[in-house]
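These notes concern the structure reproduced below.
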Amino acid sequence: MFWRLGFAQTSPLEQLLESEDFTLQQVLEENEVIQECKQLNKKLIDFLAAPEQVKALIDYVVDEPPEDGGDKEKFIYPYKASEVLSSDLNAVYDTLFANEEVVNKFFTFLSSAESPLNPIRAGYFTKVVSTLLSRRPDKGLVPQLLLHISTYSALELLLKVVSEVEEAASLQEADFGWLYDIDLVSVLLGKLDKSLDSEVQANASVALVGFVSQSPMQWEGSAIASMPSRFVNDLMKAESVSVLLQHTLSGTDSSLEHGLTVLSALVKHCTGEARTAAEVAPVMGEVRGRMGDLVNVLRNPPKLDSVVNQAGPLDPPLGSSRIKVLEVFEGLLKMKNRECEDKMREMGAMPVVMDLFFKYEWHTFLHNLVQRLIEDMLQGGNEDLKRSLFTDGELLDRIISAHARNDEWVKEPKRSRLGYMGQLRNIANTIMAHSKQDGNEWMSEYISQPAWGHFLESELDPTNERYEKLQLGSVHNRPNTHQQEEDDDFTSPPATINPYDHFNFRAPDDDQEDLFDGDEGPDEYGDEKDYDDDEGEGGLLGTLMGGLKVD
């Protein structure tokens with residue numbers, strides 16, 4: 001109503017545009033300039049679309065500001081320029097593409113910039129080029145992005161370009177053979193070389209994992225779409241897997257960590273229903289040839305600093321590399337490849353796996369992973385591998401010994417059951433269930449041992465009975481006693497969980513204090529995922545999240 005009566009107040013930007021003399025800098029300093037661009041303010045767009053203004057906007061995005069410049073030159077003008085150029089204004093783009101010199105300057109930003117890129121400048125460039133590429137694809141952009149793969153903005157843009165090109169190619173909108181001629185997979189695998197920086201290796205790993213991911217991937221707050229099959233097929237070739245394993249197992253600790261991340265994702269991809277035995281055979285063959293080296297990672301992992309927490313020193317921590325090796329083993333078992341299973345058994349993998357299971361008493365993710373490994377073995381058809389669980393892995397004896405250790409452990413005041421007790425109950429029940437199936441009569445020679453019979457009678461059967469009662473809701477108003485903790489199988493670990501410590505990950509120093517509530521410090525018990533197991537010890541989900549603040 002007020003504007004109808006003439007009382008509407010003219011905005012400072014409108015007043016500026018009505019004046020006779022004003023500059024681009026004055027326009028960019030106005031708070032509402034970006035909003036007015038999105039609302040297609042004709043007077044503003046006519047000004048911004050002038051050739052000299054478009055060139056100045058490009059200069060703000062790609063040129064380094066003067067060293068003696070103020071905040072406006074260093075931050076405000078470049079930021080506002082990138083927002084204007086990415087606002088999809090037809091008039092501005094028409095002017096830009098009519099000036100080939102300015103276009104070339106913009107697209108050669110990556111080749112002229114030093115490595116590593118200024119992350120702020122790279123972010124502005126990425127924002128603008130993402131919009132421009134929908135109007136004018138640039139074949140020379142991908143090789144330049146690969147040169148700056150250590151910068152996250154370059155990685156993000158690379159995956160966006162590849163995804164959009166593949167989508168267009170699948171619709172037969174254009175011929176994008178030029179992208180495949182780059183041999184992108186080989187170039188990215190080469191970025192895992194031990195001579196390169198860890199940032200380069202990390203981003204190359206993210207790109208390669210993006211090729212085989214089954215769902216959008218979250219990394220540093222951005223959703224990276226899963227990549228198309230053309231690149232997955234290249235990665236699954238024997239020569240590609242051989243190069244991946246070579247960089248992974250013959251390089252630095254960084255190349256080992258990031259290479260194993262790619263290998264784990266690749267093996268997981270091979271377990272999908274869409275892949276035939278012939279397609280995954282090259283992957284299986286190359287992995288089988290390096291099985292001994294993978295098992296050696298479990299025995300001799302990269303050196304990590306010890307962790308001291310409320311439960312005592314942990315030297316060394318488990319580390320992400322050993323977790324990734326176990327994930328690779330899990331994928332191999334799911335594919336039921338007899339040759340890989342036999343090689344795993346020959347290399348003595350199971351004794352090492354069981355050693356890790358019992359050494360890291362509060363590592364829930366590890367316990368769940370090993371439980372799944374054992375279940376996959378028992379469900380498979382490789383009797384030799386199954387027998388190795390009971391002979392090489394000494395599974396039954398270790399279960400019995402662990403319960404005896406737990407009985408001694410909980411005698412001390414305020415101690416809860418050891419972290420793997422819930423998984424051990426699941427494993428023991430799985431053993432007994434499989435022993436009753438046809439074809440598993442051979443298991444009787446192990447489960448008929450007196451010690452195991454005593455364990456069933458004194459430990460497993462009573463625990464199962466109590467758990468069944470608990471599941472039926474027949475236990476109410478239970479006292480907070482040590483016996484009740486034993487009945488629950490849901491007691492808390494001794495301290496707040498920090499999901500960084502077991503993998504030796506650390507939050508940035510400025511953010512470290514914000515991760516924890518109260519005075520409770522980092523602990524050894526955390527894991528990065530898979531907290532939904534209903535038999536893990538420690539009231540897992542609540543305990544895991546209770547010590548963290550999610551901003």
Quick one, M236 and V241 - any side-chain contact, counting heavy atoms below 4.5 Å? no
I'd like to know whether E327 forms a side-chain hydrogen bond (donor to acceptor under 3.5 Å, both in side chains) with S264, so could you lay out the CA-CA distance, the side-chain angles of the two residues, the decisive distance to 0.1 Å, and finally the verdict. CA-CA 6 Å; E327 289 178 339; S264 174; 3.0 Å; yes
Is any NZ, NE, NH1 or NH2 atom of the basic residue among R417 and D407 found under 4.0 Å from an Asp or Glu carboxylate oxygen of the other? no
Quick check: do L146 and I182 have side-chain heavy atoms less than 4.5 Å from each other? yes
What distance do L158 atom CG and L141 atom CG have between them, rounded to the nearest 0.5 Å? 8.5 Å
Apply side chain to side chain contact (heavy atoms under 4.5 Å, CB included) to the pair V297 and L249, showing each step before the final yes or no. CA-CA 9 Å; V297 173; L249 299 171; 4.1 Å; yes
Any chance the side chains of Q371 and E375 put a donor and an acceptor closer than 3.5 Å? yes
Set out, in order, the CA-CA distance, both residues' side-chain angles and the distance that settles side chain to side chain contact (heavy atoms under 4.5 Å, CB included) for T430 and I374, then state yes or no. CA-CA 9 Å; T430 300; I374 293 174; 5.9 Å; no
Does N440 use its side chain to pair, donor to acceptor, with the backbone of M443 at less than 3.5 Å? no
Any donor-acceptor pair under 3.5 Å linking the side chain of W409 with the backbone of S416? yes
Criterion side chain to side chain donor-acceptor pair (under 3.5 Å) against R372, the qualifying member of Q423, E330, H367: E330
Any side-chain heavy-atom pair from L314 and V308 closer than 4.5 angstrom? no
Main-chain N/O of E239 paired to S242 side chain as donor or acceptor, under 3.5 Å: no
Validation row: V212, F231 side chains within 4.5 angstrom (heavy atoms): no
Smallest heavy-atom separation, S130 atom then L157 atom, equals OG-CD1, 3.6 Å
Point-to-point distance, once rounded to the nearest 0.5 Å, from CG of D197 to CG of N203: 11.0 Å
With N429, the side-chain contact (heavy atoms from CB on, under 4.5 Å) member among L424, T463, N464: N464
Going by heavy atoms in the side chains, are R288 and N337 under 4.5 Å from each other? yes
R322 (side chain) donor-acceptor with L298 (main chain) under 3.5 angstrom: yes
Is the number of heavy atoms from other residues, nucleotides or ligands under 6.0 Å of E457 CD greater than 12? no
Polar side-chain atom of T276 near backbone of E279 as donor-acceptor pair, under 3.5 Å: yes
Distance from F455 atom CZ to I400 atom CD1, nearest 0.5 Å? 7.0 Å
Pairwise side-chain contact, D234 with L184, heavy-atom cut-off 4.5 Å (strictly under): no
Specify the closest pair of heavy atoms between V307 and P317, including all atoms of both residues, with the distance to one decimal. CG2-CG, 3.6 Å
I'd like to know if the side chain of S448 and the backbone of S444 have a donor-acceptor N/O pair within less than 3.5 Å. yes
Hey, can you tell me if W442 and Y446 have their rings parallel, tilted or perpendicular (30° and 60° cut-offs)? perpendicular
Minimum side-chain heavy-atom gap L256-P302 below 4.5 Å: yes
Contact summary for L245 and L263, nearest pair of heavy atoms: CD2-CD2, 3.7 Å
Okay, side chain of S205, backbone of Q201: is any donor-acceptor separation there less than 3.5 Å? no
Please report the shortest heavy-atom distance between F211 and V185, naming the atom on each side. CE1-CG2, 3.9 Å
Could you measure the distance from the CG atom of L318 to the NZ atom of K359? Nearest 0.5 Å is fine. 9.0 Å
Locate the shortest heavy-atom distance separating W452 from A428; write the atom from each residue and the value. CH2-CB, 4.0 Å
Run K237 and E286 through salt bridge (Lys or Arg N to Asp or Glu O under 4.0 Å) and show every step you take. CA-CA 10 Å; K237 293 178 180 178; E286 294 298 325; over 6 Å; no
Does any N or O in the side chain of K386 come within less than 3.5 Å of the main-chain N or O of G380, such that one atom is a donor and the other an acceptor? yes
Side-chain ion pair, E383 and R387, N-O less than 4.0 Å: yes
Step by step, work out the salt bridge (Lys or Arg N to Asp or Glu O under 4.0 Å) result for R338 and D384. CA-CA 10 Å; R338 181 62 183 253; D384 292 335; 3.4 Å; yes
I'd like to know if the side chain of N406 reaches the main chain of A402, judged simply by a donor and an acceptor atom lying under 3.5 Å from each other, with no hydrogens or angles considered. no
Can any side-chain N or O of D392 pair as donor or acceptor with the backbone N or O of M350 at less than 3.5 Å? no
What are the two closest non-hydrogen atoms of V295 and F329, and how far apart are they? CG2-CZ, 3.9 Å
Taking D293 first and then R290, would you say they form a salt bridge - that is, a charged N and a carboxylate O separated by under 4.0 Å? yes
First locate atom CG of L189, then atom NE2 of H247, and finally report the distance between them rounded to the nearest 0.5 Å. 6.5 Å
Output for pair (N382 CG, S388 OG), nearest 0.5 Å, gives 8.0 Å
Does the cation-pi check pass for R398 over F358, that is, NZ or CZ under 6.0 Å from the six-membered ring centre and within 45° of its axis? no
